[in-house]
Each structure stands twice: as structure tokens, then as C-alpha cells.
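Working notes, structure below.
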Amino acid sequence: MSTKVALIALAAAATTLAGCQGDKADTVQPAAGPAASPVSATSGVAALSADEILQRAKAALTRAKSYRAKGMLDMEGQKTTIDLKVSGENFTGSMSFGGAEVELLAVGGKKYLRPNDKFWIMSTDAEQGRTLARTIGDRWVAGADKDQSFADLFTVGSIEAFLKPTGALSKGEEKEVGGVPAIGLKDAGDPDSVLYVATTGEPYPLQLTGKGDSGMVFSDFGAAFTDIKAPAGDKVVDLGELAGK
């Protein structure tokens with residue numbers, strides 16, 4: 001079984017801050033509840049260096065313990081939609097590109113993925129893809145992280161990986177994002193890429209913008225995601241068992 005090409009493409013798009021992002025992301029909704037911080041007082045973040053601001057943003061997400069990242073990335077012309085919910089080391093998410101879709105789940109130290117038929121067909125030859133799709137059905141695939149191409153894909157749930165720039169950072173313009181004052185961080189590795197970080201309350205990353213019609217929005221800081229849970233045993237098939245057939 002060989003799915004490396006599609007998986008590596010998805011991993012690259014999903015885990016790089018500067019992977020040709022866009023400037024038409026959805027409106028940010030400030031977090032509600034006890035995890036949300038007041039946004040009336042300037043935090044002083046804007047006076048820090050770009051690298052320090054990024055570190056503060058990562059630390060803020062770690063303190064929040066949970067967040068959501070949603071939008072669409074453009075990787076060399078391949079548009080990939082992402083909806084990711086992270087809670088500590090656990091997360092659930094979905095990605096789609098060109099009609100192919102894959103769901104990701106990491107919970108309790110175990111990792112699972114669930115691709116649709118088109119994903120298998122696009123990432124292998126058509127006959128093998130259809131065979132895999134019939135064999136797996138709507139079940140989750142466990143043990144995928146033992147294959148390096150799959151393991152790379154699961155780094156999307158890592159704050160360090162998700163907010164990793166490709167070049168030197170510099171400070172950009174200040175503006176309001178969803179009504180929250182924020183400062184932009186520009187990535188020299190992709191001059192069109194800008195990450196906006198809140199400058200009042202907690203320095204959460206709010207929006208990732210760049211070239212074209214793609215972009216990401218960060219929200220739901222501190223939320224409880226009840227849909228992050230292990231699948232039932234009869235809904236799981238082991239990748240090692242599939243490879244041995």
C-alpha cells in the first residue's frame with residue numbers, strides 16, 4: 001500500500017505557517033466562557049520582537065489547552081480545506097482536496113485516520129484504491145502513525161508544527177481582526193503570509209492570511225470539544241493487518 005504522495009502533500013500544506021496562505025478567511029469569533037481573557041487592556045505584545053510575539057502566541061494556545069483552526073490552504077495550486085479542533089495532545093480534524101477527504105483523530109495516545117474512497121483512489125492506483133475503500137468501508141484506520149508519511153500528517157495537531165515559519169519573521173501592520181486589535185507577523189519565506197496575533201488580552205493567534213483566496217481562522221480558545229473521543233472497536237481496522245494481506 002502506497003499513500004505517501006498524497007499524505008506528504010497534505011502534511012506540507014497543513015503544518016507550515018507560510019504555505020501560500022490566503023486573505024479571505026472567515027470572521028474571527030472571540031472565545032466565550034472562563035477561558036477567554038478581557039480584551040480591553042493592551043497587553044504590550046506589540047512592542048516585542050516578531051519572534052517573541054510568536055512565542056507568546058504559542059504559549060497562549062498552550063495555556064488555553066484547546067482551540068480550533070479552520071479554513072483553506074493553497075499548496076502549489078492545490079486547495080486544501082482544514083477544520084481542526086485541538087485539546088491538549090488530543091485532536092480531531094478533517095482535510096479535503098480535489099474531492100479527496102480524510103479525517104484525523106488523536107486521542108489517548110492513539111492515532112486514527114478515515115479517508116474517503118476518492119482519497120484512496122487518488123493516492124494509489126485506481127484498482128488498489130477501490131479495493132482499499134471496499135475493505136475499509138467507513139472504519140477508522142489505526143496504527144497509521146507507524147508509517148512516517150502518516151506520522152508527518154498527524155503533526156497538524158502540534159502547536160509548534162502548525163505555527164512554524166519558513167523564514168525570518170518581522171512585524172507587520174496592526175489592525176482589528178473580528179473586532180480584536182492585532183499585529184501581523186510576516187514570514188520572509190513567503191512574503192504574502194501574515195499571522196495576526198491579538199494585542200489585547202491573551203496573545204492568541206487570530207487569523208492567518210496571505211495570497212489568493214485561502215486563509216485560516218483560530219477560535220474557540222479553551223472550549224470543551226466533546227467530539228474528541230476514541231471510536232468504537234468495531235469501527236477500527238489496523239494498518240498493519242491491512243499491509244499484511
Side-chain angles (χ1 to χ4, degrees), residues 7-21 25 28 31 35 43 45 48-73 75 80 82-95 102 104-113 144-172 182-190 193-199 202-210 214-223 225 228:
L7 288 169
I8 290 173
L10 276 173
T15 61
T16 302
L17 182 153
C20 300
Q21 324 306 349
V28 173
S43 63
V45 165
L48 302 175
S49 70
D51 288 329
E52 289 173 324
I53 294 171
L54 181 60
Q55 292 305 314
R56 293 288 183 93
K58 292 178 181 179
L61 285 185
T62 300
R63 288 192 299 273
K65 298 182 180 179
S66 63
Y67 64 93
R68 186 175 188 177
K70 183 178 180 181
M72 186 268 288
L73 304 180
M75 187 66 178
T80 302
I82 297 176
D83 189 355
L84 178 70
K85 298 176 182 177
V86 178
S87 180
E89 296 184 357
N90 300 328
F91 69 87
T92 183
S94 63
M95 299 182 185
V102 59
L104 300 172
L105 176 64
V107 59
K110 296 183 179 180
K111 297 180 175 64
Y112 311 85
L113 60 82
D145 53 310
K146 296 177 182 178
D147 182 292
Q148 189 56 51
S149 56
F150 286 95
D152 290 342
L153 182 59
F154 281 102
T155 62
V156 70
S158 163
I159 293 173
E160 287 295 326
F162 202 83
L163 295 181
K164 182 179 180 180
T166 60
L169 288 178
S170 61
K171 293 194 291 186
I183 186 169
L185 299 181
K186 299 192 295 183
D187 184 349
D190 180 358
S193 178
V194 182
L195 176 69
Y196 287 93
V197 177
T199 56
E202 289 287 344
Y204 293 129
L206 299 178
Q207 187 181 51
L208 184 61
T209 67
S214 60
M216 296 291 293
V217 166
F218 297 84
S219 63
D220 297 303
F221 307 110
F225 297 125
I228 303 179

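Bear in mind the structure is a predicted one, so any value in this text is a computation, not a measurement. Atoms considered below: every heavy atom in the structure, side chains included; atoms not considered: hydrogens, waters and symmetry mates.
Between Ala198 and Leu206, the shortest heavy-atom contact is CB-CD1, 3.9 Å. Asp187 and Gly167 make their closest contact through OD1-N, 2.8 Å (heavy atoms, listed as atom of the first residue, atom of the second, distance). Residues Asp190 and Thr166 approach most closely at N-OG1, 4.1 Å, considering heavy atoms. Gly157 and Val86 get closest at one heavy-atom pair: O-CG1, 4.0 Å. Taking both residues in full, the closest heavy atoms of Thr155 and Ala161 are given as O-CB, 3.4 Å, listed atom of the first, atom of the second, then distance. Closest approach of Ser87 and Ile228 over heavy atoms only: CB-CD1, 3.9 Å.
With sequence neighbours excluded, the residues that form a side chain to side chain donor-acceptor pair (under 3.5 Å) with Glu52 are Ser49.
Summarising the geometry, atom CZ belonging to Arg63 is positioned 12.0 Å from atom CZ belonging to Phe221; distances are rounded to the nearest 0.5 Å. Note that CD of Glu160 and CG of Leu61 are 10.5 Å apart. Values are rounded to the nearest 0.5 Å. Taken from CD1 in Ile53 to OG in Ser43, the straight-line distance is 9.0 Å, to the nearest 0.5 Å. The line from CG of Leu105 to NZ of Lys111 is 10.5 Å long, rounded to the nearest 0.5 Å. For the atom pair CD1 (Ile82) and CZ (Arg68), the distance works out to 13.0 Å, reported to the nearest 0.5 Å. The distance from atom OG of Ser66 to atom CG of Asp220, rounded to the nearest 0.5 Å, is 8.0 Å.
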| request: Start with the C-alpha distance between Phe154 and Phe91, add both sets of side-chain angles, then the distance that settles side-chain contact (heavy atoms from CB on, under 4.5 Å), and finish with yes or no. | output: CA-CA 9 Å; Phe154 281 102; Phe91 69 87; 3.7 Å; yes

| said: Test side-chain contact (heavy atoms from CB on, under 4.5 Å) on Phe162 and Leu84; report intermediate values, then the result. | reply: CA-CA 11 Å; Phe162 202 83; Leu84 178 70; 4.2 Å; yes

| message | For Val197 and Arg56: C-alpha separation, side-chain torsions, deciding distance, then whether side-chain contact (heavy atoms from CB on, under 4.5 Å) applies. | response | CA-CA 9 Å; Val197 177; Arg56 293 288 183 93; over 6 Å; no

| Verdict with reasoning, Tyr67 to Ile159, per side-chain contact (heavy atoms from CB on, under 4.5 Å) | CA-CA 10 Å; Tyr67 64 93; Ile159 293 173; 3.8 Å; yes

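Using modelled atom types, no side-chain atom of Asp83 and backbone atom of Lys70 make a donor-acceptor pair closer than 3.5 Å.
Summarising the local packing, CD of Gln55 is surrounded by more than 12 heavy atoms from other residues, nucleotides or ligands at distances under 6.0 Å. Within 6.0 Å of NZ in Lys171 there are more than 12 heavy atoms belonging to other residues, nucleotides or ligands.
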